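All figures in this text were calculated on a predicted structure; none of them were measured in a lab.
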Amino acid sequence: MTRSGYHARQSHAHGTSDKSMSSTAGDFRDLTPLVPMAALREAGTTAHEPMHRFTVQAPADTLRPVTALLARAHAVPRTTLTKGPTAELDDEIPAAKTHEVHRFLPSASRGEGARETVSHGYRHVRVFK
């Protein structure tokens, strides 16, 4: 917001200041994000976030904690294969969450997990309610 045309009434005649008589700065701070959001919604604007294809290889007995980690990172599962003592998970994950998975994968897989990440397009995000 660059201009509001706001002129505060300070008080009743010969009285003290009364917040109920005029808007406060907080009223404008609360209103400011609503105006552009309404304009973007009316214009039909959509938002998309970058996605990565995320492959994890880990011991099969760590599948539960690794899957839980990926679920917390909003991963979308594609395939899960178990070959003997090894499990391989193929997921799509928001690019912003790849660092989180990279950080916590060692503890979820007892330090035996390996991962590969590749850019994999964009996914629509619902931002405007």
Side chain to side chain contact (heavy atoms under 4.5 Å, CB included) partners of [X], counting only residues at least two apart:
X     : result
Asp90 : Arg53, Thr55, Arg78, Thr79
Ala75 : Leu70, Asp91, Ile93
Ala95 : Pro50, His52

>> Under the criterion side chain to side chain contact (heavy atoms under 4.5 Å, CB included), I'd like the reasoning laid out for Arg115 against Phe54: C-alpha separation, chi angles, the key distance, then a yes or no.
In response: CA-CA 7 Å; Arg115 60 151 178 80; Phe54 200 86; 3.6 Å; yes

> Can you name the nearest heavy-atom pair linking Ala108 to Pro65, along with the distance?
Replying inline: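 Heavy atoms of Ala108 and Pro65 come nearest at O-CG, 3.5 Å.
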
> So which heavy atom on Leu105 is nearest to which on Gly113, and how close?
Replying inline: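 Residues Leu105 and Gly113, closest heavy atoms: CD2-C, 4.2 Å.
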
Hey, what do you get for [atom1] ([X]) to [atom2] ([Y]), rounding to the nearest 0.5 Å?
X      : Y      : atom1 : atom2 : value
Ser109 : Gln57  : OG    : CD    : 11.5 Å
Glu92  : His120 : CD    : NE2   : 4.0 Å
Glu88  : Glu116 : CD    : CD    : 9.0 Å
Ser107 : Leu69  : OG    : CG    : 7.5 Å
Leu40  : Met37  : CG    : CE    : 7.0 Å

>> For the backbone of Arg41 and the side chain of Thr45, can you confirm whether one donor and one acceptor N or O come within less than 3.5 Å of each other?
In response: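 Checked: no pair found.
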
> Would you call Arg103 and Glu100 a salt bridge, taking side-chain N to carboxylate O under 4.0 Å as the test?
Replying inline: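 Looking at Arg103 and Glu100, the cut-off is not met.
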
> Linking Ile, Leu, Val, Met, Phe, Trp and Tyr by side-chain heavy atoms under 4.5 Å, what else ends up with Leu81?
Replying inline: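 Its cluster partners, ordered by chain and number, are none at all.
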
> Any side-chain heavy atom of His124 sitting closer than 4.5 Å to one from Thr46?
Replying inline: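 Touching, per the 4.5 Å side-chain cut-off.
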
> Looking at residues at least two apart in the chain, or sitting in another chain, which of them share a side-chain hydrogen bond (donor to acceptor under 3.5 Å, both in side chains) with His48?
Replying inline: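 Per chain and number, His48 pairs via side-chain hydrogen bond (donor to acceptor under 3.5 Å, both in side chains) with no residue.
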
> For residues 56-75, which residue pairs qualify under salt bridge (charged side-chain N to carboxylate O under 4.0 Å, His left out), counting only residues two or more places apart or in two chains?
Replying inline: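 For residues 56-75, and leaving out neighbouring residues, the salt bridge (charged side-chain N to carboxylate O under 4.0 Å, His left out) pairs sorted by first residue read Asp61-Arg110.
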
